[in-house]
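Nothing fancy with the numbering, it's 1 onward along the sequence.
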Amino acid sequence: MGHKDYQLLSELLKTKFNEVLEQASDEQRELLLKYEEEGQIQTAFAIELMYKQGLMDGIYVYQRVLGN
């Protein structure tokens with residue numbers, strides 16, 4: 001998926017989420033916003049884990065190639 005595809009999908013999801021928020025009651029809106037926030041935290045955590053694993057894998061491959 002290219003950068004433009006990612007941006008397009010992000011905008012589509014944002015638009016749909018805002019449509020849902022507009023239809024929700026105040027109580028539902030609060031719950032949806034909390035859900036969105038926790039989803040973002042989970043995504044950030046996953047990205048951090050993938051970055052760390054990639055870094056560790058890169059170091060391992062580097063050491064194997066150079067024989068250190």
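Once rounded to the nearest 0.5 Å, the distance linking OH of Y35 with CD of Q40 reads 11.0 Å. Considering CD of E19 and NZ of K14, their distance stands at 13.0 Å, rounded to 0.5 Å. Note that OG1 of T43 and CD of E48 are 13.0 Å apart. Values are rounded to the nearest 0.5 Å.
Under the 4.5 Å side-chain criterion, counting only non-hydrogen atoms from C-beta, L9 is not in contact with D5.
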Subject >> Residues E11, Q7; criterion side-chain contact (heavy atoms from CB on, under 4.5 Å); working and verdict >> reply: CA-CA 6 Å; E11 286 300 316; Q7 287 179 327; 5.6 Å; no
Atom pairs and distances, side-chain donor-acceptor, residues 20-31, under 3.5 Å, sequence neighbours left out:
| from | atom 1 | to | atom 2 | distance (Å) |
| --- | --- | --- | --- | --- |
| S25 | OG | Q28 | N | 3.2 |
| S25 | OG | Q28 | OE1 | 3.3 |
| D26 | OD1 | R29 | NH1 | 2.7 |
| Q28 | OE1 | S25 | N | 2.9 |
| R29 | NE | L21 | O | 3.2 |
| R29 | NH2 | L21 | O | 3.3 |
| R29 | NH2 | A24 | O | 2.8 |

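Here the closest heavy-atom approach between residue F17 and residue L33 is recorded as CE2-CD2, 4.1 Å.
Applying the side-chain contact (heavy atoms from CB on, under 4.5 Å) rule to I59 yields the partners L55, Q63; only residues at least two apart in sequence or on another chain are considered.
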